[in-house]
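Because the structure is a prediction, the values reported are computed rather than measured.
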Amino acid sequence: MVNDFDTIAAIATAVSNAGIGIIRISGQDSLKILSEIFLPFDKNKDAGHLDNYRIYYGNIVDYDDIIDECIVLIMKGPHSYTREDVVEIDCHGGVSVVYRILNLVISHGARPAEPGEFTKRAFLNGRIDLSQAEAVMDVIDSRNETARRNSMAQLKGSLSDKIHQIRSEVLYQMAFIESALDDPEHFSLEGYPQILLQYVDKWVSETDKLLNSYDDGRFIAEGIRTCIVGKPNAGKSSFLNALLGEDRAIVTDVAGTTRDTLEETITVDGITLNVIDTAGIRNSADQIERIGVEKAKREMELADLILFVADSSMPLEKEDIDILKDIQNRKKMILLNKSDVLEDSKDEYRQIYDYIGETDPVISISAKYHQGIDDFISELKNMMFHGKIDSNQEIFITNVRHKNALDDALSSFQCVRRSIEENMPEDFFTIDLMNAYEKLGVIIGEAVEEDLVNQIFSKFCTGK
């Protein structure tokens with residue numbers, strides 16, 4: 001049975017042959033275990049009484065067998081990552097070496113750590129809250145600089161501070177109502193509903209602002225699922241290659257070269273695109289090509305953004321029109337390819353505007369000569385981030401768990417507002433205020449079930 005008070009150990013670096021490997025130990029027996037397997041190079045140092053926040057050089061030994069020379073870091077609780085005694089052993093990064101040392105540590109009393117258990121202990125011991133713990137994994141998984149900055153801000157407490165602030169204000173108002181109901185001689189509720197309404201409006205605004213950041217936050221953290229569509233030979237694969245800066249997709253003059261979807265992750269100017277290049281969409285007697293066309297249509301349904309690539313050197317054809325009708329109500333960008341062939345492809349291709357919305361961007365590009373890419377990136381920011389990714393914004397919500405809790409809290413605040421407007425008794429206010437308070441607490445882990453906590457940390461890597 002797993003015990004939260006056991007001393008735990010795990011490899012904290014990637015398991016591969018590398019320059020260094022790190023074995024992390026946390027728990028009340030960490031220093032004892034180290035004293036049994038570590039011989040400091042300085043003979044005047046006692047391995048059982050090493051100073052805090054010091055690095056020591058020496059050998060890891062199994063009785064008379066020297067396993068490796070290494071350095072060890074001592075971090076005694078509560079001033080450590082887990083708020084327990086923590087030891088890190090930095091050894092050579094060979095797979096056999098790190099596993100031999102880990103097994104030695106386990107044989108001296110530690111047990112293998114569960115996935116995310118070091119961070120889970122930091123949460124259970126009160127060093128970080130649940131939203132900060134989740135931000136640890138977001139930092140590790142960040143796919144671009146903007147995502148990293150946002151994850152670090154949440155790790156430092158940007159979201160936690162906002163949630164704590166709102167909950168503190170809600171708690172104060174609930175306490176005032178309860179006090180006034182219990183002791184009306186000393187606490188008056190006369191005119192109070194209008195005072196409370198000002199607070200509720202503020203909480204609604206703050207919660208709504210956090211929710212409105214979710215789409216941007218999701219795009220920043222996960223990337224924008226982007227589907228490139230068009231008829232055969234329009235230049236879809238050439239455009240993908242232009243974004244990548246390499247010949248990833250096969251490009252030929254033969255229509256129907258792309259038979260399957262091709263997925264690539266691209267980061268351009270701080271924006272991550274999960275790009276799916278699809279088969280050219282047309283009616284075909286070729287069974288394999290038809291399968292590719294069906295896959296292309298399925299990807300169109302799942303996409304956050306559709307890039308419709310048209311060959312502007314040719315008149316608009318039925319295949320183009322059919323695709324445009326299919327994506328009529330979707331978020332899309334029109335890329336008029338082969339602008340190097342026509343001096344002003346927009347004028348020559350004017351009929352395309354009959355099939356798109358007024359706000360759908362139309363950009364002339366030459367995928368062959370990598371022209372128009374900067375215009376594409378500029379329009380991408382306009383479409384997906386309202387003109388820019390605001391790195392100065394305090395918080396982007398990126399976690400669907402947080403979003404759902406905020407949705408519930410917002411609904412409760414709106415119920416309080418309606419109760420005030422309908423002149424309901426004050427004790428009605430506290431019911432919805434308490435619900436909002438608890439839903440916000442779910443975000444930071446103050447009102448969350450153990451099973452959910454375990455599920456969250458099970459997604460972490462073992463050494464974290």
Side-chain angles (χ1 to χ4, degrees), residues 142-150 212-230 234-246 248-249 264-278 300 303-313 320 323-324 327-350 352-353 355-393 396 398:
S142 57
R143 305 171 75 175
N144 55 63
E145 182 63 14
T146 308
R148 183 199 63 78
R149 284 199 303 266
N150 183 62
N212 286 337
S213 74
Y214 176 70
D215 280 342
D216 285 358
R218 181 172 66 86
F219 293 149
I220 289 170
E222 300 175 8
I224 303 168
R225 188 170 182 84
T226 307
C227 187
I228 306 177
V229 300
K236 301 181 300 299
S237 297
S238 295
F239 179 68
L240 174 62
N241 289 340
L243 286 178
L244 287 169
E246 61 177 288
R248 177 66 178 86
E264 287 289 338
T265 297
I266 307 165
T267 298
V268 288
D269 206 16
I271 303 172
T272 297
L273 301 177
N274 302 317
V275 181
I276 301 97
D277 181 26
T278 62
M300 284 165 51
D304 299 312
L305 173 66
I306 295 174
L307 304 179
F308 173 70
V309 180
D311 182 353
S312 63
S313 68
D320 297 302
I323 298 170
L324 288 168
I327 63 175
Q328 188 172 9
N329 298 318
R330 301 295 303 281
K331 183 168 285 189
K332 58 186 175 295
M333 194 181 301
I334 310 302
L335 304 179
L336 301 183
N337 191 28
K338 305 186 182 180
S339 62
D340 54 297
V341 177
L342 291 177
E343 190 171 323
D344 190 346
S345 57
K346 285 189 180 181
D347 289 339
E348 296 292 335
Y349 224 63
R350 184 61 58 182
I352 202 169
Y353 289 92
Y355 302 97
I356 63 175
E358 293 181 1
T359 59
D360 293 329
V362 179
I363 303 170
S364 295
I365 66 167
S366 171
K368 181 178 180 180
Y369 295 105
H370 295 196
Q371 295 171 358
I373 301 299
D374 290 342
D375 293 336
F376 163 74
I377 295 171
S378 177
E379 287 296 341
L380 179 67
K381 289 183 177 181
N382 284 329
M383 289 189 71
M384 310 306 289
F385 299 100
H386 315 293
K388 64 177 180 177
I389 301 175
D390 188 358
S391 59
N392 295 319
Q393 179 164 326
F396 284 104
T398 59

Checklist entry - When rounded to the nearest 0.5 angstrom, what distance separates CD1 in I228 from CG in L240? => result 5.0 Å

Checklist entry - What's the spacing between N337 CG and S364 OG if we round to 0.5 Å? => result 10.0 Å

Next on the checklist: Does any part of the side chain of F308, heavy atoms only, come nearer than 4.5 Å to the side chain of I356, both counted from C-beta?
Outcome noted: no

Checklist entry - Taking C-beta and beyond as the side chain, do Q371 and I365 meet within less than 4.5 Å on heavy atoms? => result no

Item to check | Between OG on residue S366 and CD1 on residue I373, distance to nearest 0.5 Å | outcome: 9.0 Å

Item to check | Heavy-atom donor-acceptor pair, D375 side chain to G372 backbone, under 3.5 Å | outcome: no

Next on the checklist: Using the rule side-chain contact (heavy atoms from CB on, under 4.5 Å), only one of L335, L273, L380 pairs with L307; which is it?
Outcome noted: L335

Checklist entry - Is there a donor in the side chain of T272 and an acceptor in the side chain of N144, or the other way round, less than 3.5 Å apart? => result yes

Checklist entry - Is there a side-chain contact between E264 and N274, using heavy atoms and a 4.5 Å cut-off? => result no

Item to check | Side chain to side chain, L336 and I334, heavy atoms closer than 4.5 Å | outcome: yes

Checklist entry - Any side-chain heavy atom of I306 within less than 4.5 Å of one from M333? => result no

Next on the checklist: Any heavy-atom pair between the side chains of I220 and T398 that's under 4.5 Å?
Outcome noted: no

Next on the checklist: Quick check against the 3.5 Å criterion: does R143 have a side-chain atom that pairs as donor or acceptor with the backbone of E222?
Outcome noted: yes

Checklist entry - Is there a donor-acceptor pair closer than 3.5 Å between any side-chain N or O of K332 and the backbone N or O of Q328? => result yes

Next on the checklist: Please confirm whether the ring centroid of Y214 lies under 6.0 Å from the ring centroid of F396.
Outcome noted: no

Checklist entry - Less than 4.5 Å apart, any side-chain heavy atom of D304 and any of T226? => result no

Checklist entry - At what distance, to the nearest 0.5 angstrom, does CZ of R218 lie from OG of S213? => result 12.0 Å

Checklist entry - Would a 4.5 Å heavy-atom cut-off, applied to side chains only, mark K338 and K368 as touching? => result no

